[in-house]
Each structure stands twice: as structure tokens, then as C-alpha cells.
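Structure first, commentary second.
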Amino acid sequence: METRHIGCPLCEASCGLEVQVEGLQIASIKGHQDDPLSRGHICPKAIALQDIQADPDRLRKPVRRVGDTWEEISWKDAIDLVARRIVETQQEHGRDAVGVYLGNPNVHSLGALTHGIQLHRLIRSKNSFSATSIDQLPLQLMCHLLYGHQLMVPIPDIDRTDYFLVFGGNPMASNGSLMTVPDFPGRIRELKARDGKMIVFDPRRTETARVAGEHHFIRPGTDVYVLLAMVHTLFEEDLTRPPAYVDHIAEVRAAVEPFTPELAARASGVPADEIVRIAREFAASPRAAAYGRMGTCTQRHGTVTQWAIHLLNILTGNFDREGGVMFTQPAVDVVGKGLISRGHFDKWRSRVRGLPEFGGELPVAAMAEEMLTPGKGQIKAFLTVAGNPVSSTPDGQGLAEALMSLDFMVSIDFYINETTRFADVILPPSGPLERDHYDLVFNALAVRNTARYTKPLFPQQPGTKQDWEISRDLALRILRLRGKPASVKHAAKVAQQAARFAIPPRRQLDMLLRSSKLGLSTAKLARTPGGADLGPLRPGLPGRLQTRDKRIDLAPVVVLDEVRHVALSQQEMGADDSLVLIGRRHQRDNNSWLHNADRLTRGKARHQLYMHPEDLAARGLTDGDRVGVASRVGEVEIEVASTDEMMRGVVSLPHGYGQGRAKGVRLSKATDLPGVSVNDLTDPELLDGISANAAVNGVPVTVRALVQPV
Ligand SMILES: Nc1nc2c(c(=O)[nH]1)N[C@H]1C(S)=C(S)[C@@H](COP(=O)(O)OP(=O)(O)OC[C@H]3O[C@@H](n4cnc5c(=O)[nH]c(N)nc54)[C@H](O)[C@@H]3O)O[C@H]1N2
Ligand SMILES: Nc1nc2c(c(=O)[nH]1)N[C@H]1C(S)=C(S)[C@@H](COP(=O)(O)OP(=O)(O)OC[C@H]3O[C@@H](n4cnc5c(=O)[nH]c(N)nc54)[C@H](O)[C@@H]3O)O[C@H]1N2
Ligand code: SF4
Ligand SMILES: [Mo]
């Protein structure tokens, strides 16, 4: 029996794990007690890593679709075929005819970051999409606008704050996001022990709301009114203490003038005096941090809502201060070194609907129409990498039909899922336990500065390829097939690109660590399983700002324009009997995958539509009834569960369910699970007004009784 340490690649918490192995068998997986970041934390998903490893449904060899069946092909033939189709499509129809979608697990894989991004660059299509625009795009856009870099994300100093204000996040279930915070439950217990308080605004009394000092129900999509009313109160009562490197405060003051607490109360359902009280308490606390996550981004006013959260921190002096929010100083400084681009906004727009790009990507809500609308720039061939957009983006069924219309599709994924089932070829990387691990991105978002590099738990199986090797082989083949470079200069560039693809992720990481002046290397880190502890977050502004003048423009023009629009629209709270839909996450789900692991799916059912008892009664429904839930886009049939943890007028479905249901095929074991896909109801026309991020929360729906069959 041998004790080994690995970093968990499943979620942003980035826990250190201690694994007992006997040969190729796992005897136990536990949290690593001495890990300076995760301090022994583990959640049930990590135990399921062994199920992925052993899962007979997981693909180990490339497959090619022949009618309704799949046949294995050799790596050589698969890479040849895919590279040839990509090159031919681009030569015949132009660069943008090849679309790309990058899913969430890319950020959790070192090789995807070092090589996948390079492959993406080589394809150079404007039709690039990722899970970003159904997740955190408004936050990244705000960081780009205010601090000059899309990944310069202010992180709550949760270990020292005394007043933690949470909008639209459920870290008790999600383990935190854009705040790498393993052991959130333990950290909240410590906050309470030092007389600190967590205040949660959420349309559902979530797992996080239940351990908070206060929970306020808020009508979906109305955070902007509540938050701007808080900012309004700060100005009104002279409670602002902004740092010296901030500009255009007067413009902000004028812009928030119409957002009174009374207006906010009418829109959101949160009483005006509560809004004012919390604004005062926030300003009075010397260690306060405001944080807004998934729920604040995936709504109609996502970007303005994010702006308001940043304003609250900056204007009260809680910005770049211990116990407030601060920027990280990771060993590999992806921001300061420019390893990830600072981002750019609206340099071009999507062909059909004119939606703006951000950082070279178009919003996912535009994906299907770009496949279905003829003309120059239409997507004819499509590559998905570690993603499942049929399950995870609005109007999934619409996207499924669009995928069927393509000339060619290829997926890099180890499962046949609701999306990859439409691929002509699937290229499966080896499993997550067969690769080394380093959190290039999440170290930059963590509540403590640490650096952990771990070696693969198991040797790579013969005849398999890791993600980076698939990217490398495809890239080298594409470069060859593109033909002889037209000039000497071009030939040199191609040779340089090819050489870069040949450097394994570990070597690239090692070079980055060695250049960090911290005296680190992969070899050194591999010898200390918990990695290097670089200490708590530290203030560092304005020096570390990435804006050209090292100042913050608090009032970007695009934001002020939209604020005017929001003020005019003056959304009123639905007094009628209308319903809106929101999503939810469970501690034992992981987006749309991991549903093959029995240990995660057994137990009490959790796929139902959650609905308030009075909303049920108003429709003559009772707990457990089967109902039809309809939106502009579609209708699904599902059981309801009566619960007063929902706000009245709000219903909730979990995302990532409904595996393979719609078309009645069995894709994997997960197909046998009950549930429907929430994204068969979400609407690609409901978007954040600035970034065009998908507004999957706050979708108008109706719920009706289904006549029971006799
Ligand atoms: N309505 C609604 N929709 C949502 C959300 C919501 O809350 N509500 N949440 C959104 C959010 S936050 C996100 S991030 C997206 C996620 O959406 P996506 O990123 O599109 O999908 P995932 O469910 O993460 O699917 C991941 C796929 O990657 C594969 N995979 C896992 N690890 C690897 C690997 O190492 N390499 C490769 N090549 N493949 C791998 C898995 O087999 C799986 O098929 O969904 C979004 N969609
Ligand atoms: N167990 C588990 N952990 C995960 C994931 C998972 O699938 N399972 N996914 C990972 C990923 S990719 C991400 S991005 C993170 C997400 O991390 P979080 O953002 O913490 O997770 P969610 O559960 O999506 O929380 C969003 C909350 O917003 C609320 N909400 C919805 N609409 C509104 C609104 O208009 N206003 C307000 N104030 N609240 C609203 C919802 O009720 C929900 O509680 O989780 C990560 N961690
Ligand atoms: S919280 Fe996330 S990183 Fe930690 S063990 Fe669970 S899945 Fe892995
Ligand atoms: Mo996400």
C-alpha cells in the first residue's frame, strides 16, 4: 500500500487529496490534512474520481460514428481525418467555417491550458465559444473594464472578513467559484466564531442561506436594484471612502441617483429599510466583503449587477484591504506575465444577431443560429473540447438540431454525452488520474496564495493520449496539411509554433515556476505534497493594476449607458401569478457529468421542480404531481416537490440532468436517471444587456397539471 497526493481536478476549490493505492487499485481517497489551502477538506465528488477511472462507459480509444453505432479507429486515422476535415473546411469556406466550443473542465487541466488554447489559436476562427458566456462573462468583463485584465478578480478575504455579503452564490454546495475556497463550511464556522456575519441574497433558501446569519429572498434578476440602492445610500449618507486611484465618482453618483431603496423594494421584494440597514452596516464594518456569483452573472442585468458589487467594495474602502477583497499573488502570475490576455470587448460582432465578442469569443447564445443561417462565415464544421453545450446552453434542443445539420463535427471528450453523440469522431483523452496537475487558473483566484504540483496517480495506459497530446498531434497535422508556407518569414513562424506544441505541459510549467523568483520548480513542488504556502492575500494597489494609467475608471461608458436603460425600465415585482425559473446545484452533482457514479446519484431524489406550496395550491397541484413546465422555447414534464425554501413566484430545476432523454437513446448509465434538462426551457434571446451572457436565471415559465393517464 502506498500513500500518494494529488490535486483534485473536479472543481474550483482545488483540494489536495491523499490517496492510498495498491498497484492500480485505489483503497481510499481522503482530504490531505497538511495541505495549506484545503486543510483536509474533501467532498463526495472526489471519491467518485475512482469511478471515472473504472467506468466501462468511458471511452479509451477514438471512435467514429457509423449511422447510429460507433466503431473504434486508430489514433493515426482519427487524427488524420479530423485534421483533414478542419483544413479542408477552412480552405473551402473560410476560417470562420470551423466553430469551436470549450467546456468547463478545460480550466481544470494543465495540458488543456498549455496546448488546447494553442490549438484553438491555430484554428483562429471568430466562431469561438465557451462555457464562459453561460457563466462568469459579466464578471470577467467588469474586471477587464475596471482593472485592465479579465482575470484580475478581487477575491474575498474570507479568512479575515467580518461581514460577508453574498449575492447569487451557493458555496455550501458549489464549494465556491471565482473564489477558490476549499472547506467553505469550516471557514464560515470560523467567521461566526470571531463574531462575523454572512448575509445571503438568493431566491431560494439554499444550503448557504441556512448557515448564514441572515437570508433575504430576492426576486430573480433584480439584484441590480438592491445593489445600486445600497450604493445610492452610501452617497446619500456620505459613507463613501474611495481610494485615491479611482476616477469618475461624480458620474457614478449621478447614475445611481434614480435607484432608491423604495424602487428596489418594489422590484425585488426586499424591504427598503433592510437595504438601507445593510448598506450602513457594510460601510461601517472595517472588514467587509461583497461577493456575487453565478446567480448574479446569468441574469438580464448581469454586468451592471457585477459593477454594483465592485462599487460597494471600492466605495466603502474595503477594496485591496485585509478582510475586504484583494488580488492574489500566485507563483505563476498569469495576469502580470500576460500569459492570459487582458481581454477585449466588442471588437467584432456575431454574424447573425450582432452580439459582441469578449476576449475573442462570441456568446454561446449565438451558436445554433451561426450553424443554421446560410452565408459567408456560417459554421460548417465544429469542434467541442470537454463540453456538453446541448445540456448546458440555452435551448439545448435547438442546438442539437443545429449540430445535426453540420458537415462535420469532432469532440475531444471521454464520454458520449448529449452533445458528443452528434460528433463524427470522438477523441478521448486519458482519465484525470493519469495526468499531472497544477492549477494555473485557480491559484490566481484562491483565498490564499499557494502552489501545488502533483504527479499522475496512475501511469498513462498504453495506446492512450492525454488532452495535450491530442492537441499537439492535431496541430502538427493541421500545420502540415495547410501546405508549404508562402514565405520564409511564415515558414519560421510555423516552425516556431510546431516547436512550442512539442514542449510537454510539465516543462512549460517548470519554466514558468523557475522564472518566478520564488525558487520553485516542478521537482521541488512534487517533493512537498501540499505544495508551497505563499501566505495570505496581501494588498498591492495601485501598483498591480493592469490599466494603462494605473487608475480605475469607475464609470465605463458601456456600463453607464445600460444603467440608464435599467433605470428607465423600472421593473416592477410581478403582483400577478407569474412564475420565473432558476437553476440549482447539488453538492453531489458536477455540471452535466459524473452521473455515471452510483455513489453520487443514490439517495433522495433531487431532480424535481421545486415550487412554493402556495404556488402549487394556486394551481390545484400537490407535492409529487407531474406537471408540464413551459417557456417560450419548449416544454418539459417533471414531478414537483413542494418546498418553502423557494421564494413565491420562483421555481427551480437543477442543471445538468435529463441525460439522453430527449431523443430516447441510452448514452450511458446516466440515461437511466430521472430528470429533464433545464436548458430545454432556457431562452437564447434572454441575455445580459451588455455582455450577452446567457440569462438562464429568471426565465418566465408556466406550470400546468398534466392529466393523469387512466
Ligand atoms: N441553466 C443552466 N445552465 C448552465 C448552468 C446553470 O447553472 N444553469 N451552469 C453553467 C456553468 S457555470 C457551466 S461551467 C457550464 C458547464 O457546461 P459545459 O462545460 O458545456 O459542460 P460540462 O457539464 O462541464 O461537461 C464537461 C464535459 O467534459 C468532459 N470532460 C471532463 N474532464 C475532461 C478532460 O479532462 N478532458 C476532456 N477532453 N473532457 C473532459 C466530460 O466528460 C463532459 O462531457 O454549464 C452552464 N450551464
Ligand atoms: N457540487 C457542485 N459544485 C460545483 C458545480 C456543480 O455542478 N456541482 N459547478 C461548478 C461551477 S462550473 C460553477 S460556475 C460554480 C457555481 O457556483 P455558485 O455560483 O456558488 O453556485 P450556484 O449553485 O449556481 O449558485 C447560484 C445561486 O444563485 C441563485 N440565484 C439564481 N438567480 C438569482 C438571482 O437573480 N439573484 C440572486 N441573488 N441569486 C440568484 C440560485 O438560487 C443559486 O443559489 O460551482 C462549481 N461547483
Ligand atoms: S470540493 Fe471540489 S476540489 Fe474539493 S474534493 Fe470536492 S470536487 Fe474536489
Ligand atoms: Mo461554471
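No hydrogens, no waters, no symmetry mates; every other heavy atom, side chains included, goes into these values. Because the structure is predicted, anything quoted here is derived from the model rather than measured. In listed order, ligands and their atoms are each counted from 1.
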Atom 2 (Fe) of ligand 3 neighbourhood, protein N/O/S only, threshold under 2.8 Å:
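You should have found Cys11 SG.
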If we ignore hydrogens and angles and just use 3.5 Å, is the side chain of [X] paired with the main-chain N or O of [Y] as donor and acceptor?
| X | Y | answer |
| --- | --- | --- |
| Ser14 | Glu12 | yes |
| Thr454 | Gly7 | yes |
| Asn596 | Asp55 | no |
| Asn175 | Pro182 | no |

Please list all pairs meeting salt bridge (charged side-chain N to carboxylate O under 4.0 Å, His left out) that have one or both residues in residues 200-211, counting only residues at least two apart or in different chains.
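Pairs touching residues 200-211 that pass the test: Arg204-Glu207, Arg204-Glu645, Arg205-Asp644, Arg210-Glu645.
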Can you list everything that forms a side chain to side chain donor-acceptor pair (under 3.5 Å) with Gln20? Sequence neighbours excluded, please.
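With sequence neighbours excluded, Gln20 shows a side chain to side chain donor-acceptor pair (under 3.5 Å) to Thr3, given in chain and number order.
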Donor-acceptor side-chain pairing of Arg266 and Tyr225 below 3.5 angstrom:
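No, no side-chain donor-acceptor contact under 3.5 Å.
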Between Asn697 and Thr298, is any side-chain donor less than 3.5 angstrom from a side-chain acceptor?
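Distance-only check passes for Asn697 and Thr298.
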With a 4.0 Å heavy-atom cut-off, what residues sit around ligand 2?
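Within 4.0 Å of ligand 2, protein side: Lys45, Asn104, Asp135, Gly168, Gly169, Asn170, Pro171, Ala173, Ser174, Ser177, Phe201, Asp202, Pro203, Thr206, Ile218, Pro220, Gly221, Asp223, Arg293, Met294, Gly295, Gln299, Ile582, Arg585, His586, Gln587, Asp589, Asn590, Asn591, Asn697.
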Residue from Leu312, Val224, Val563 passing side chain to side chain contact (heavy atoms under 4.5 Å, CB included) with Trp307
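The option that passes is Val563.
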